[in-house]
K.L.:
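After the structure tokens below, expect a handful of questions from me.
So that the names make sense, note that chain A is the first sequence line, chain B the second, and so on, each numbered from 1.
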Amino acid sequence: MPLLERLQTLDRRIIFLFIGLSVLVPLLFPITFPEHPSPIVTAIYDGIESLPERSIVLMPFDYDPSTAPELDPMATSLMRHCMTRNLRVCTMALWPEGQGMANNIMSIVVEREFPDKVYGEDYVNLGYKAGAQGLINTLLLSMRSMYTTDAAGTPVDEIPLMKNIHTLRDFAFIMNLSAGRPGTKEWIQFAGDPGDIPIASGSTAVQAPLMYPYYPSQMVGMMGGLKGAAEYEALLVKGYPQFKNSSAVATGLMAPQAFAHLVIMVFIIIGNIIFFVERRQKDR
Amino acid sequence: MKKTIPLLITFVVGLALILAIFIPPEPFHTMNREFSVYFDIIAVFAFILGGGNLIRVHGNKISRKKKDYKYSFVTLLGFFVTLFVGLLKIGGPPGIQGEVMASGSWFLFIFNAILTPLTATMFALLAFYVASASFRAFRAKTTEATILLLAGFIILLGRTFFGYYITSWLPDSLSFLEIPNLANWIMAWPNTAGQRAIVIGISLGVAATSLRIILGIERSYLGSGE
Amino acid sequence: MNLSPLELTINGILTLMILSFLYKDNPFYKFAEHLFVGVSAAYWMVQGVWQTLMPNLIARIFPGAVSSFLPDAVGKSPDYYFLIPAAFGLLLLTRLLPKGNWLSRWALAFVVGYAAGTNFVRYLQSDFVAQIRSTMVPLVVLKDSGGLDLGQSFSHLVLIVGVLSGLVYFFFSKEHKGTTGRISRVGIWILMVTFGASFGYTVMARISLLLGRMQSLRDWVEHLIGLF
């Protein structure tokens with residue numbers, strides 16, 4: 001069978017195999033390349049750097065395990081950055097799975113790397129509440145109308161960090177980690193714009209292009225996908241060299257990511273060559 | 001009764017929330033807050049409704065021995081075990097008083113060992129299908145398709161180190177032609193322009209539909225019949 | 001995420017079960033798929049009950065009944081206003097009944113009315129007015145030194161022309177002929193660049209998710225190798 005015909009009838013499982021290998025092989029033999037932060041990512045870093053010490057940052061974890069490979073590295077870097085800068089962090093979730101994702105980041109970053117930080121004073125996890133954009137609307141008017149306790153059931157009035165937090169307007173910054181809806185768009189529509197609260201976003205790559213119209217007037221900055229996370233890691237290492245070894249999760253994954261992009265591009269090019277050759281044959 | 005009352009509820013709630021934005025003082029402030037809390041609470045009943053529906057659908061499948069009905073046992077078993085473990089907070093250190101996802105709880109175990117791989121792998125499968133679909137369908141047949149393809153390629157290259165190395169030899173005066181810079185420019189300007197046109201269009205559509213709903217012109221959400 | 005050996009093993013097996021679909025549909029995949037549906041529905045229900053229903057509804061209507069496991073309810077008096085959302089919630093559940101399920105429309109009407117009321121204002125504010133304001137940028141941008149900033153001026157031109165032509169493309173009340181047709185054609189090109197960018201980012205996202213799974217499998221294999 002001629003090559004062209006063979007390629008036309010290529011079993012999709014062969015493509016699957018190439019994609020699998022393009023990801024797996026570089027993962028087994030890790031290499032890293034320097035990252036060059038883009039302005040939209042640098043804006044978040046600068047935003048957090050400009051906050052006064054002890055400011056309270058709200059970090060809604062609006063994602064589930066399906067998008068954790070993209071958003072966990074962002075959450076990790078942001079949490080490290082906030083803790084190093086002596087900011088206070090309050091987490092919550094519009095997604096039911098978000099509570100587990102927040103717990104995970106707190107245990108692997110705050111509890112291990114910052115053992116001197118005290119739960120309730122330096123960080124708190126308010127957990128999940130139902131309502132999506134309705135919840136944001138409620139919190140803009142009154143936090144305690146919905147968050148009467150933290151995720152573990154401790155009354156909010158007994159948590160020192162929450163003492164002066166009555167509405168979303170009392171947060172200095174909202175750093176949303178978002179995998180879709182409800183997520184960054186709703187935070188901008190229901191909190192950022194009406195409450196005049198600075199919002200930045202860690203978005204999945206699928207969502208990132210949709211969020212660009214809000215930047216920079218309605219959204220301080222954005223990390224888009226694994227690339228955005230890797231850029232933020234580079235910024236963090238540049239500003240705080242003590243994280244050189246730990247802050248490299250997304251950076252380490254960018255090599256397999258690049259090879260997989262290349263394989264997909266090669267397949268698209270082959271597909272187009274087949275198309276043009278076929279068209280020429282038909283024209284004849 | 002079956003349609004008039006729902007239409008009245010929609011009208012009152014919708015109008016009150018619009019008025020609350022323009023007339024912040026009482027009673028609209030309280031109405032805005034209380035309606036929001038009610039909305040959040042009703043949302044939970046939707047989860048319960050979803051669970052109930054799942055039992056009904058798979059129970060039906062089993063009782064009528066429909067195709068693949070045996071797998072419905074797996075669904076129901078997974079559902080009831082997770083529900084039992086979660087509602088009783090089994091295994092968590094402080095028991096029923098602690099967090100449902102407390103370290104050591106069986107619910108957290110289900111989250112880590114079962115829910116996480118299942119949901120993550122389901123979405124990871126798409127990587128393979130995106131590649132296969134691109135190979136078969138992504139053709140530069142027309143000018144429009146060629147523009148789409150070129151933009152996609154610049155982004156795919158520009159978001160990796162390949163993009164840097166391919167064009168890093170360009171002199172500083174032409175640095176704007178470096179692939180990563182081109183990718184950033186595409187995202188910041190043409191992409192923003194296109195997305196903004198879509199966003200503006202959608203916002204007008206949402207506003208018009210919302211008004212139609214509040215005024216009772218749009219009633220499809222109530223279903224058919226009396 | 002730090003997993004115990006047992007969690008890692010179940011995690012790995014279920015990952016392989018789902019990935020087996022790449023070869024063809026099979027009983028292992030079907031098992032995992034059906035388990036996913038059941039577990040995720042229950043997970044959402046449990047989170048809804050413990051994080052919202054108990055503290056925000058039950059603890060407010062019957063604080064005495066739940067004070068033994070919800071410290072926030074201790075000493076609180078009942079707030080009977082919350083019977084209203086409780087009633088709406090229960091009405092929503094009538095959808096499951098063979099008769100009288102029309103009552104669920106009342107709850108649905110509340111939800112739809114709320115969404116319509118809030119969306120009307122928020123979409124107009126954030127996605128209409130704010131977007132138009134952000135598009136009003138100068139076409140001639142000067143550098144600090146006084147000269148013309150060609151790059152920035154061109155970018156602004158692309159933004160303004162792109163938004164306007166994109167909107168013309170979506171304007172279906174006038175036939176796309178003549179000048180309108182030419183402008184809408186530019187709109188299509190801009191939208192094609194937008195979709196191309198979205199395509200690139202979507203590929204990026206899917207590969208990232210696959211990477212996460214591969215990492216998880218690698219951890220499991222390393223654990224298995226460690227056993228021997």
K.L.:
Would you name the heavy atoms of Tyr201(C) and Gly224(A) that are closest together and state the gap between them?
P.N.:
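That would be CE2-O, 4.4 Å.
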K.L.:
Can you measure from CZ (Phe199(C)) to CD1 (Ile268(A)) and round to the nearest 0.5 angstrom?
P.N.:
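Answer rounded to 0.5 Å: 4.0 Å.
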K.L.:
In terms of heavy-atom contacts, does CZ of Phe128(C) have more than 12 from other residues, nucleotides or ligands at under 6.0 Å?
P.N.:
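No, not enclosed.
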K.L.:
Please classify the contact of Leu211(C) with chain A as side chain, backbone, both or neither, using a heavy-atom distance under 4.5 Å.
P.N.:
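Answer is both: backbone and side chain atoms of Leu211(C) are under 4.5 Å from chain A.
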K.L.:
Salt bridge or not between Lys185(A) and Asp127(C)? Use side-chain N to carboxylate O under 4.0 Å.
P.N.:
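Asp127(C) and Lys185(A): salt-bridged.
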K.L.:
Inspect the surroundings of CZ in Phe170(C) and state if more than 12 heavy atoms from other residues, nucleotides or ligands are less than 6.0 Å away.
P.N.:
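Above 12, so yes.
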K.L.:
Heavy-atom distance under 4.5 Å to chain C: side chain of Glu186(A), backbone, both or neither?
P.N.:
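No part of it gets close to chain C.
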K.L.:
Report which part of Arg133(C) has an atom under 4.5 Å of a heavy atom belonging to chain A: side chain, backbone, both, or neither.
P.N.:
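The answer is neither part of Arg133(C).
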K.L.:
Would you mind telling me which of Thr148(A), Asp157(A), Asp150(A), Val156(A) makes a side-chain contact (heavy atoms from CB on, under 4.5 Å) with Asp72(C)?
P.N.:
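Among Thr148(A), Asp157(A), Asp150(A), Val156(A), the one that satisfies the side-chain contact (heavy atoms from CB on, under 4.5 Å) with Asp72(C) is Thr148(A).
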K.L.:
Are any non-hydrogen side-chain atoms of Val206(A) and Arg206(C) less than 4.5 angstrom apart?
P.N.:
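With C-beta onward as the side chain, the pair touches.
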K.L.:
Looking at Asn137(A), Asp11(A), Thr204(A), Ile188(A), which makes the most heavy-atom pairs under 4.5 Å with chain C?
P.N.:
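Option with the greatest count: Asn137(A).
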K.L.:
Taking all non-hydrogen atoms of both residues, which atom of Ser126(C) and which atom of Tyr214(A) are closest, and how far apart?
P.N.:
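Reported closest heavy-atom pair: O-CE2, 4.0 Å.
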K.L.:
Where is the tightest heavy-atom contact between His261(A) and Met204(C), given as atom of each residue plus distance?
P.N.:
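Looks like NE2-CA, 3.5 Å.
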K.L.:
Please examine the side chains of Gln189(A) and Thr118(C), heavy atoms only from C-beta on, and report whether any two atoms are closer than 4.5 Å.
P.N.:
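They are not in side-chain contact.
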K.L.:
At a 4.5 Å cut-off on heavy atoms, which part of Ser66(A) comes close to chain C: side chain, backbone, both, or neither?
P.N.:
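It is the backbone, since no side chain atom gets that close.
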K.L.:
Could you walk me through whether Leu22(C) and Arg13(A) pass the side chain to side chain contact (heavy atoms under 4.5 Å, CB included) check?
P.N.:
CA-CA 7 Å; Leu22(C) 291 172; Arg13(A) 282 171 288 199; 5.8 Å; no
K.L.:
Out of curiosity, Thr202(C) OG1 to Gln207(A) CD, how far, rounded to the nearest 0.5 Å?
P.N.:
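Separation between the atoms: 11.5 Å.
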K.L.:
Look at Ser216(C), Ala205(C), Gly212(C), Ala59(C) and state which one has the largest set of heavy-atom pairs under 4.5 Å with chain A.
P.N.:
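Greatest number of close heavy-atom pairs with chain A: Ala205(C).
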K.L.:
Flag the one option from Arg213(C), Lys24(C), Gln215(C) with the top tally of heavy-atom pairs under 4.5 Å to chain A.
P.N.:
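With the most close heavy-atom pairs to chain A, the winner is Gln215(C).
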K.L.:
Would the distance check show the side chain of Thr52(C) and the main-chain N or O of Ala130(A) forming a donor-acceptor pair, the cut-off being under 3.5 Å?
P.N.:
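At least one qualifying donor-acceptor pair exists.
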K.L.:
Decide yes or no on side chain to side chain contact (heavy atoms under 4.5 Å, CB included) for Ile207(C) and Ile264(A), but give the supporting numbers first.
P.N.:
CA-CA 10 Å; Ile207(C) 297 294; Ile264(A) 290 179; 4.0 Å; yes
K.L.:
Give me the atom names and distance for the closest heavy-atom approach of Ser145(A) to Asn56(C).
P.N.:
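For Ser145(A) versus Asn56(C), the nearest heavy atoms are O-ND2, 3.7 Å.
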K.L.:
Among Asp64(A), Leu253(A), Leu24(A), which residue forms the greatest number of heavy-atom pairs with chain C at distances under 4.5 Å?
P.N.:
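Winner by heavy-atom pair count: Leu253(A).
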K.L.:
Tell me if the CZ atom of Phe36(C) is crowded by more than 12 foreign heavy atoms within 6.0 Å.
P.N.:
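Yes, enclosed.
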K.L.:
Is the count of non-hydrogen atoms from other residues, nucleotides or ligands lying under 6.0 Å from Leu28(A) atom CG greater than 12?
P.N.:
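Counting other residues, nucleotides and ligands, CG of Leu28(A) exceeds 12 neighbours.
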K.L.:
Hey, which of Arg112(A), Gln133(A), Met254(A) has the most heavy atom pairs under 4.5 Å with chain C?
P.N.:
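Looking at each of Arg112(A), Gln133(A), Met254(A) in turn, Arg112(A) comes out on top.
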K.L.:
Taking all non-hydrogen atoms of both residues into account, name the closest pair between Ser134(C) and Gln218(A) and its distance.
P.N.:
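Scanning both residues completely, I find the closest heavy atoms to be OG-OE1, 4.5 Å.
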K.L.:
Nearest 0.5 Å, please: how far is CG in Leu27(A) from CE in Met214(C)?
P.N.:
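The CG atom of Leu27(A) is 8.5 Å from CE of Met214(C), to the nearest 0.5 Å.
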K.L.:
Counting heavy-atom pairs closer than 4.5 Å to chain C, which one of Pro96(A), Pro209(A), Gly131(A) comes out on top?
P.N.:
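Of Pro96(A), Pro209(A), Gly131(A), Pro96(A) has the most heavy-atom pairs under 4.5 Å with chain C.
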K.L.:
If I compare all heavy atoms of Phe190(A) with all of Arg122(C), which pair ends up nearest, and what's the gap?
P.N.:
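In this case the closest contact between Phe190(A) and Arg122(C) is CE2-CG, 3.4 Å.
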K.L.:
At a heavy-atom separation under 4.5 Å, does Tyr128(A) approach chain C through its side chain, its backbone, both, or neither?
P.N.:
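Its backbone and side chain both get close to chain C.
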K.L.:
Out of Ala151(A), Gly127(A), Pro194(A), which one racks up the most heavy-atom pairs below 4.5 Å with chain C?
P.N.:
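That would be Pro194(A).
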K.L.:
Non-hydrogen atoms of chain A under 4.5 Å away: do they reach the side chain of Phe69(C), the backbone, both or neither?
P.N.:
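When you check distances to chain A, no heavy atom of Phe69(C) falls under 4.5 Å.
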